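Because the structure is predicted, anything quoted here is derived from the model rather than measured. Protein chains get the first letters and strands the later ones, always in sequence-line order, with residue 1 at the start of each.
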Protein chains: 2
Amino acid sequence: MDSGTAVRRSNRSSVLEQLLSGREIDRQELVAATGLSQATVFRVVSELLESRILVEGPTITRAGRGRNATSVRFNGEIALACGVDLGGTNCRLVLTDALGRTIARRNYRTRHDVDARGFGEWLGSCVRELVEQDGANATLGAVTVGLPGAVAGDKTRVVGSQNLPQIRGPEFLVALRGSLDAPVNIDNDSNLALLGELRYGSVPPTETTVLLILGTGLSAAVAMDGEILSGAQGLLGELGRLPLLGREQRLRDLLSGAGLAGYGRSLGYTLDTTAEVFAQPQRFGPLVADSRAAFTHLIDIVALAYEPASILVTGGFSESFTDDWFADTRARLRDLVGVDSVIQRSTLGAAAGLLGAMAHALSHLHIGLGALGALSATVGPGRDEILERFRSYSPETLASGV
Amino acid sequence: MDSGTAVRRSNRSSVLEQLLSGREIDRQELVAATGLSQATVFRVVSELLESRILVEGPTITRAGRGRNATSVRFNGEIALACGVDLGGTNCRLVLTDALGRTIARRNYRTRHDVDARGFGEWLGSCVRELVEQDGANATLGAVTVGLPGAVAGDKTRVVGSQNLPQIRGPEFLVALRGSLDAPVNIDNDSNLALLGELRYGSVPPTETTVLLILGTGLSAAVAMDGEILSGAQGLLGELGRLPLLGREQRLRDLLSGAGLAGYGRSLGYTLDTTAEVFAQPQRFGPLVADSRAAFTHLIDIVALAYEPASILVTGGFSESFTDDWFADTRARLRDLVGVDSVIQRSTLGAAAGLLGAMAHALSHLHIGLGALGALSATVGPGRDEILERFRSYSPETLASGV
DNA sequence: CGAATAAAGTTCAGCCTGAGAGGAATTATG
DNA sequence: CATAATTCCTCTCAGGCTGAACTTTATTCG
C-alpha cells in the first residue's frame with residue numbers, strides 16, 4: 001500500500017486528492033488538474049483501480065466528435081471511518097464510508113460505573129457494534145474520539161479531565177485501542193469542534209479562527225493556516241482558568257453556566273439556571289454586567305493573542321448573548337483595540353464536535369490510503385449536504401437517539 | 001541555480017543543510033548524515049564545488065590506516081547578508097558573510113527629516129555604503145530589516161508604526177527595494193528579536209516560546225514549532241493594547257516605561273523615570289502593586305493563550321522586576337493556572353533584534369543558494385561564538401558606534 | 001615492500017516520468 | 001455508408017535520477 005518511491009507516492013497522492021470530493025472525474029481532467037503527464041495519470045489510476053481504491057464511473061459524453069471518456073471515482077466502500085464525540089453525559093458515534101457519507105449514527109449514555117480499562121473496552125464495543133450492525137462487512141479504517149479533557153500535544157495521552165476522570169492516563173486509551181482493530185486517534189473535544197467548523201462550517205479553512213465554547217465550562221480552540229494549535233499539556237486555549245485582574249474570580253466564573261451560577265449564589269442570589277439571569281436583567285443587574293464585561297475582555301484577549309479573522313461562539317451559555325451584543329462587541333473591538341474580527345455564532349452548534357471527529361477520522365483514513373495532504377483536503381459531500389444530514393442534530397434529538 | 005528536478009533540488013538541499021554550520025565535512029560523513037547514496041552525494045558535491053558554493057577543505061587524517069578523506073566546506077565568501085535593526089532613534093546594521101560570520105557593524109541615528117521615499121533611499125544607501133566599504137566585492141544576497149511597527153502577515157507592507165510614521169504604506173519599502181540590488185525582507189522588530197533568541201539564544205528552537213518586550217511600550221512575539229506566529233495586520237501579540245477588566249487603563253499603561261510614567265502622573269505622582277518607582281516602593285506603593293499585578297496577569301494570559309515552554313522577558317522596563325519575582329510568578333502560574341512555563345530574562349537582550357534580522361537574512365540567502373529548509377537550520381558560528389562577538393552589544397556601546 | 005584498509009571515484013541496472021506514436025472509439029460530413 | 005476529424009486510451013522509448021556494486025587510489029601497519 002505504501003510501496004514505491006517518494007515521487008510515486010506524491011503523484012499518487014495528487015491524483016487521490018482530486019478524487020476525495022467523491023466526484024466522478026475522467027482521466028483527462030485529472031491530467032489537467034494535477035499537472036502530471038498522461039502516462040503518469042493513467043498508470044496511477046490503473047493501480048488505484050487494481051487496489052479497488054477507485055472504481056470505474058460512467059462514460060462521459062461531451063459535445064462534438066471524439067471518443068468518450070470513462071470516468072473514475074473514489075470507492076467509498078473501501079473502508080469505514082468512525083467519529084466519536086464522548087461527553088460527560090452522552091456519547092455520540094457516527095459511522096461513514098470512506099467518502100464521508102453518513103451510514104449510521106448512535107447515541108449512548110456515557111457510563112460512569114466502570115474503571116479506566118472497562119470504560120475503554122465499553123467504548124470500543126460501542127464502535128464494534130456499530131460497525132458490525134451497519135458496516136456491511138467493510139473494514140474500519142480509522143476512529144477518532146473527541147474527549148472532554150486535556151490531551152497532550154503529541155496526542156498520545158489524556159492529561160486531565162473534569163467530567164471523566166477515568167479517561168486520564170494511559171489505561172483508557174490502551175484498552176480502547178486493544179479492543180479495536182483500527183487506528184484510534186484522540187483529541188480534545190473543543191479542538192475537534194473547531195475542526196468541524198473549519199471543514200463543514202462557514203469559515204474559510206485557512207484563516208485564523210477561534211472557537212469559544214461557553215457551556216458548563218469555558219474553553220477555546222484556535223486554528224491558524226488550517227492547523228489547530230495545541231500545547232504540550234493540552235492547556236492551550238483553556239482561558240476559562242484565567243484569573244481576573246484584581247478579583248477573586250476566573251473568567252469561567254463569569255462566562256459559563258456552572259461558573260456564573262456559583263458566583264451568583266456566592267453573592268446571595270437564588271437561582272437555578274443562568275438563563276433566568278439574562279432573562280431578568282433588572283433583578284440580576286450586577287451579574288449580567290459582570291458577565292458581559294467578562295465576554296468583552298475574553299474577546300479582547302483572543303483578538304490580540306491570535307488576531308483571528310473569525311471568532312465563533314458556541315455552547316449553551318452563549319445563547320444568553322444576543323447577536324446585537326456580538327455586533328456591538330465587534331465594533332468596540334475594532335475601534336478600541338484595532339483588531340477587526342467577525343464575531344458570530346457557530347453554524348454547526350452541537351454537531352461540530354462529532355463532525356470534527358468524523359473529519360479527523362476521514363483524514364487519517366485517506367492518509368492511510370495514500371493521500372498525503374488529506375488533512376486539509378475537501379472531502380466527500382459538500383457542506384450543504386452534510387448540514388442537511390445533521391440538521392436534526394440538536395441536544396434534544398440526540399438525547400432521544402438518532 | 002534552481003535547475004534540476006524536485007528530487008535533485010531536495011538532495012542538493014539535504015547536503016547543503018549539513019554544511020551550513022560552516023564545519024569542514026568529508027563526503028563519507030555527508031553520506032551518513034544525509035542518508036543519500038555515495039553516488040548522489042559525490043555528484044551533488046562536485047556540482048556545488050563547480051558553482052563555488054562549496055570549496056575544498058583540508059584532508060582529514062583519521063586514526064588507523066586508509067586513504068585520507070578530503071573535506072569540503074561552505075564557501076562563506078560566496079555572498080553577503082545584511083541585517084538591519086531599525087529603531088526610533090538608532091539604526092543598527094550588521095554585515096555577515098554567507099556563514100553568518102560578522103564582517104562589520106554600523107550604527108546610525110535614525111533620520112526623521114525625510115519623507116517615506118527619502119527614508120527608504122537613505123536606509124538603502126546605508127546598506128550600500130556598508131557593502132561597498134567592507135564587503136570585499138562580494139555580492140549582497142539578502143537584506144532583512146526589523147521595523148518598529150506592525151507588518152502585515154504576508155510581510156509585504158508596514159501597516160502602522162508609532163515611532164516612524166514614514167515607513168507606513170508601500171512607498172518606504174518600494175524606495176528601499178529600488179535602491180538595493182538584493183532581495184529585501186521586512187518584519188516586526190519583536191518577531192525578529194524572538195527569531196534571534198531562537199537561533200542564538202538559550203531556548204530550544206522548536207519549543208513554544210513567548211518573548212515579552214517591556215520597554216517604552218509593551219509587545220509580545222510567539223513562536224510555535226520553530227515558526228513565528230503572525231496576524232493579518234501584524235497585531236498578533238500586541239498585548240499592550242489590551243484594555244483591563246473594570247479599569248480605564250490598558251496593560252501597557254502598567255507595564256511599560258511610557259505607560260506607567262503617564263499613569264503615575266495621572267495619579268498625582270511626580271516622577272521622571274519608572275526606575276525610581278521600583279526603587280522607592282514605599283513611596284509609589286500602589287503603582288508598584290498595580291504593575292506587578294499586571295505582570296502576573298500578562299503571564300497568565302500568554303500561558304493560557306500559547307502554553308509556552310519558555311517565556312522570555314526583555315526591554316528596559318523589565319529590569320524593574322527581579323529574578324525572584326520571576327520565580328514567584330512561575331510558581332504561582334504553575335499552582336494556580338496549571339501551566340508550567342519557565343520565566344526568564346532574555347539572554348541576548350538588546351542584541352536580539354539585530355541578530356534576528358541577521359538570521360532572517362541568512363536564511364533567505366541560503367534558500368536562494370538551494371537549501372530549502374534553511375529557515376530552521378543551525379547556521380554558521382555556534383551560539384557562544386556569536387555571543388562573544390556581540391558581547392559589547394549594550395545600548396550604550398551602540399550609541400557610540402561599533 | 002606487500003597486505004590490509006578506508007575513502008574516492010565509476011559503472012550499471014532499475015525506477016519513474018514525460019513525450020510521442022499509434023490504436024480505438026465516437027461524431028461530423030459528404 | 002464511407003471517410004475525415006477528434007478525442008481518449010495504450011504502449012514504447014529516451015532521459016534523468018538513485019542506490020548498489022565495483023574499481024581505483026592513497027595510506028598504514030607488519
Distance-only criterion, 3.5 Å: show the donor-acceptor pairs between side-chain atoms of residues 63-73 of chain A and protein atoms not counting sequence neighbours.
{"from": "A:Asn68", "atom 1": "ND2", "to": "A:Thr61", "atom 2": "OG1", "distance (Å)": "3.3"}
{"from": "A:Thr70", "atom 1": "OG1", "to": "A:Arg27", "atom 2": "NH1", "distance (Å)": "3.0"}
{"from": "A:Ser71", "atom 1": "OG", "to": "A:Pro58", "atom 2": "O", "distance (Å)": "2.7"}

TODO: Let me know the distance between CZ of A:Arg12 and P of C:dC15, rounded to the nearest Å.
DONE: 17 Å
I'd like a list of close polar pairs between nucleotides 20-25 of chain D and the protein, N/O only, cut-off under 3.5 Å.
{"from": "D:dT25", "atom 1": "O2", "to": "B:Arg67", "atom 2": "NH1", "distance (Å)": "3.4"}

Task: Those residues that, when tested against B:Glu207, pass side chain to side chain donor-acceptor pair (under 3.5 Å) (two or more places apart) - done: none
Task: Closest nucleotide among C:dC16, D:dC9, D:dT27 to the A:Gln28 side chain - done: D:dC9
Task: B:Asn75: partners by side-chain contact (heavy atoms from CB on, under 4.5 Å), with sequence neighbours left out - done: B:Arg52, B:Val55, B:Glu77, B:Ile78
TODO: Return the set of residues passing side chain to side chain donor-acceptor pair (under 3.5 Å) with A:Glu56 (not counting sequence neighbours), or none when no residue passes.
DONE: none
TODO: Sequence neighbours left out, what passes salt bridge (Lys or Arg N to Asp or Glu O under 4.0 Å) with A:Asp134? Give chain and number order.
DONE: A:Arg106
Task: Residues which pass side-chain contact (heavy atoms from CB on, under 4.5 Å) with B:Arg177, listed by chain and number, not counting sequence neighbours - done: B:Leu173, B:Val184
Task: Per B:Ala69 side chain, nearest of listed nucleotides D:dC17, D:dT6, C:dA7 - done: C:dA7
Open item on the list: Using the side-chain heavy atoms of B:Arg8, tell me which of these nucleotides is nearest: D:dC17, D:dG19, C:dC16.
Closed with: D:dC17
For residues 31-41 of chain B, tabulate all N or O donor-acceptor pairs below 3.5 Å that involve a side-chain atom, not counting sequence neighbours.
{"from": "B:Thr34", "atom 1": "OG1", "to": "B:Leu30", "atom 2": "O", "distance (Å)": "2.7"}
{"from": "B:Thr34", "atom 1": "OG1", "to": "B:Leu36", "atom 2": "N", "distance (Å)": "3.2"}
{"from": "B:Ser37", "atom 1": "OG", "to": "B:Thr40", "atom 2": "N", "distance (Å)": "3.3"}
{"from": "B:Ser37", "atom 1": "OG", "to": "B:Thr40", "atom 2": "OG1", "distance (Å)": "3.0"}
{"from": "B:Gln38", "atom 1": "NE2", "to": "B:Gln28", "atom 2": "OE1", "distance (Å)": "3.2"}

Open item on the list: Taking ring pair (Phe, Tyr, Trp, His ring centres under 6.0 Å) as the cut-off, I'd like each qualifying pair that reaches into residues 25-83 of chain A, sequence neighbours left out, listed once.
Closed with: A:Phe74-A:His366
TODO: Give me the residues of residues 43-50 of chain B where at least one heavy atom lies under 4.0 Å from an atom of DNA chain C, by number, or none.
DONE: none
Task: Test side-chain contact (heavy atoms from CB on, under 4.5 Å) applied to B:Asn137 - qualifying residues, sequence neighbours left out - done: none
Task: Angle by which the axis turns from one end of the helix from C:dC1-D:dG30 to C:dG30-D:dC1 to the other, five pairs per end, to 10 degrees - done: 20°
